[in-house]
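Start at 1 with the first residue, then count along the sequence.
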Amino acid sequence: MQTLSRRAPIALAVVSAVATLCAPSSPAQAITLLDIIRGGPANRAPVYNDRLPGGETRERRVDPQPLPKVTGPKYHAYKPDAVRAVRTAGFAVAGNDASPFADAKVSASEDVAAAIESFYGKNATPLWVSNGDVTSKAQAVIELFERADAYGLDPADYRVTVPELLTASTEPVSATMSDGMAAVPGDGHRRALMQFELDLSASVLRFAQDMVRGRLDPNRISDYHDFKRKDVKLAFVLPFVRAEENPAAYLEGLAPQSPQFAALKAELARLKAKVSDRDQRIELPDDLLLKPGAENPAVAGVVAAIREVASDELTSAHAETLSGYQDAGKYTPELVELVKAFQKEAGLKPDGVVGRATVRALVGHSDEAKIEKLVIAMEQARWLPTELGERYVFINQPAYMAYYHEDGDEQFSMRVVVGSKSNQTYFFQDEIETVEFNPYWGVPQSIIINEMLPHLRSDPSYLDRMGYQVEVNGRPVSSSSVNWYGSTQAIAVRQPPSSDNALGELKILFPNAHAIYMHDTPSKSYFQRDTRALSHGCIRLAEPRKMAAAVLGVTEQEIGSRIAGGRNKGEKVTAKIPVYVSYFTAWPNKDGVVEYFDDVYDRDAATLKAMAATTKARTS
C-alpha cells in the first residue's frame, strides 16, 4: 500500500506526541490545557452547552481538533537545467597566442559548459571550422540535428546559426590564423565562425546527453517519479568526435539500442508518414449516441474511422460494405454489423450502439495523439537501464498489466490493479527480494488517518470488531482503549493473516521508499474491470501464485503448499530480478507491435509541459 508523505504526521497534533490510553470519562465541560497535554478526554469529544432562547440549553459535542488529512505527492512546474556562461577567455587555437574565442558568448548547463572548457582549454584545433568555412562534418551533424525528431527529440533544442560561406563574404581576408584556418575573412566573419564553433560543440554535447538519458530530469516532473538520473561522460564526447571520420554517425549511435526503443522509433516514423499523407483527421462528437436505424451525419465519420483504425482482417471481411458506402447518414444493418465487428475487436460489448466507449476506441487516440505518446515513451525509455535484463518483471500502469520475462522473452502476463488517481502508484525501478506467505498487512498512516480515523472517533471499537491488531509504542492494546483525538504517530495497526486480509495469500516485496509491492487480494472482481486504477498505490496481481512461483523458481503447487501451512513466513528470492514499475501510454507488446493506453494519471500532460519548458529555456 502507498505510504504517506513524511511531512504529514507533523500536523497531526500540536502538543501531544503520543496517544494516551483511555481514562474515565469527564464531565461535560470545555477542554483544558491539561486535557491537551494528557491527550484529551478519552474516546469522547468534549460536550458544550448551547444556550437557547428562553433559557434552555442543548448539549453539543465538538471534536477537540478537526480531522487531519494526509495528502499525497505533488506535481511540479518543471524547472529546466540551470545554465551558466562558458568561460572562453582562456581558449586557444594551436599556434596562436591570442584566443580567437574571446568574443564568443555561450551559455550551457554546468556539465556541458565544463566539457567545453576542458576541451578548448587544452589548445584544441577547431572541430567544425576550416579555411574560413564550416566543414562537411559540421554540415552532416547539423543535418542529423534536423532529424532529431526521429529519435523523440526536438530539433529546435540543437539548432545553431551557420555563418555565410567564405565565398559569399565581402569582408577582406585577414592574415593567417592557424593550421587548418589558413584563409579566413575579416574580423566579423571570423568572430561568427568562432561563435559557430562553440555553439555547435555545445549542441553536440547536449544532443549526446539527451540521446543517452533524455531531455528531462523525471524527478522534477512530480514526486511520483523516482529515478537516479544517468551520468553521461561528456568529457569523452568531443575527443571522440575529433577522432571520428563520421561524427554524425557516432552521435546517432548513442540512441538506446533496446528492441523496445527500436519499435517505438519505427512506429513514430510510420505514423509521421501517415499523418503527412492525410488531408485531415477524423473527428466524432464525444457525446455521440448512434443506434441501429438512426440517421446522423456522424455515420460517415464512424465508417471513415473504422477504415483508419481497424485491422486488415476486419476491413477485408467487410470490404463490400466499406467499398459500397456512399457517405449517407443512414445507420443501416450492414453498417451495424461492421460496427459490431469493430467493437468486438476493440474489446467492447458488440451491441452496435456507438456511444462514448466506441467513439474513444475509434478516435480517442488520433495519430497525432499517438505521436505525442510515442515521443513521451521514447523519453521515458531513456530513464530505464539500457538493458532491462534477461529476467525481470515489467509493470505498465496505464495498461493495468504485469509481464514476466526470462531468457530475454516474455513468459506470461497478467492483469493488475494499480493506485487510484488520488493514491497513485509511483514510477520507479527496484529489485525483488522476498515473497511473504500469509502476510500481515501493516496499515499505512495515510489510511489510518484519512479512512479509519473518522470511524474510530465515532466508534473506538471499530478495529477490534474488524479483527485488526493495535499497538501504542509497541504495546498491544484494544482499539477501544486508544485516544483517537491525539496523534497517531505512535500507533501501529495491522491486519493478521486471514481469508479477509487485504493482501490475500502472499505479497512480493522489493523494498523501496514508497512502501509499494505486489500482492494478492480478496477482491477478485476488480480484475474484470477495464479501468483498474483502484488501489491505495500497491500492485494487486490477478495470478499471484504464478508470479511468486516464477520469481522463486518453483512450481505453483509448491507455492500452494507454503500457503496451506497457514504460517506467516518470508522466503528470500535468490536470483537477481529487477522490477520496473513503469508508466507508458505507448509500449510494444511481445510481438513488437506498439499498443496505446489512456493517460490515467495525466502524467503525459505533465511530461509534455516539461518538454515545452525545456525547449523554451534552450532556445531563449
Side-chain angles (χ1 to χ4, degrees), residues 1-50 58-73 419-420 422-423 439-498 500-503 515 522 535-538:
M1 295 294 172
Q2 184 172 309
T3 187
L4 77 164
S5 167
R6 297 188 186 94
R7 300 185 298 271
I10 298 174
L12 299 183
V14 177
V15 180
S16 175
V18 177
T20 59
L21 301 182
C22 179
S25 57
S26 56
Q29 59 184 5
I31 190 169
T32 66
L33 178 61
L34 188 59
D35 286 326
I36 296 175
I37 295 172
R38 289 175 175 171
N43 302 327
R44 294 185 61 197
V47 179
Y48 295 85
N49 290 324
D50 286 336
R58 177 178 62 192
E59 288 189 352
R60 173 170 55 92
R61 293 189 181 275
V62 179
D63 279 356
Q65 61 184 26
L67 278 165
K69 193 74 175 174
V70 176
T71 57
S420 65
S422 58
N423 295 282
Y440 284 85
W441 175 41
V443 183
Q445 281 281 315
S446 58
I447 296 178
I448 294 174
I449 293 166
N450 292 344
E451 300 180 27
M452 291 181 168
L453 206 54
H455 295 287
L456 289 163
R457 287 196 172 180
S458 61
D459 178 10
S461 64
Y462 167 70
L463 293 178
D464 293 335
R465 290 186 295 99
M466 297 297 293
Y468 286 78
Q469 298 173 353
V470 181
E471 292 182 354
V472 175
N473 287 324
R475 175 189 169 193
V477 297
S478 69
S479 168
S480 57
S481 68
V482 176
N483 168 36
W484 295 107
Y485 290 95
S487 168
T488 64
Q489 282 182 295
I491 301 175
V493 178
R494 69 175 185 170
Q495 185 183 25
S498 71
D500 294 329
N501 186 283
L503 306 186
S535 80
H536 285 90
C538 282

Rounded distance (nearest 0.5 Å) linking atom [atom1] of [X] with atom [atom2] of [Y]:
| X | Y | atom1 | atom2 | result |
| --- | --- | --- | --- | --- |
| Met452 | Ile491 | CE | CD1 | 12.0 Å |
| Asp464 | Ser478 | CG | OG | 5.0 Å |
| Ser479 | Met466 | OG | CE | 11.0 Å |
| Leu456 | Asp459 | CG | CG | 7.5 Å |
| Leu463 | His455 | CG | NE2 | 10.0 Å |
| Ile448 | Gln489 | CD1 | CD | 11.5 Å |

### Query
Should Thr488 and Gln445 count as side-chain neighbours, where that means a heavy-atom distance under 4.5 Å?
yes

Least distance between heavy atoms, [X] atom then [Y] atom:
| X | Y | result |
| --- | --- | --- |
| Pro476 | Gly474 | CD-O, 3.7 Å |
| Arg457 | Tyr485 | O-OH, 3.3 Å |
| Arg494 | Gly442 | CB-CA, 4.0 Å |
| Trp441 | Asn501 | N-ND2, 3.8 Å |
| Val443 | Tyr468 | CG2-CE2, 3.9 Å |
| Pro439 | Leu503 | CG-CB, 3.8 Å |

* To do: Could you tell me whether a side-chain N or O of Ser480 sits under 3.5 Å from a main-chain N or O of Ser461, the two making a donor and an acceptor?
  => no

Check: Under 3.5 Å, is there a donor-acceptor pair between the side chain of Gln495 and the main chain of Tyr440?
Finding: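 Answer holds: no.
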
**OP:** May I ask you to check whether Ser420 and Asn423 show a side-chain donor-acceptor distance below 3.5 Å?
**Re:** yes

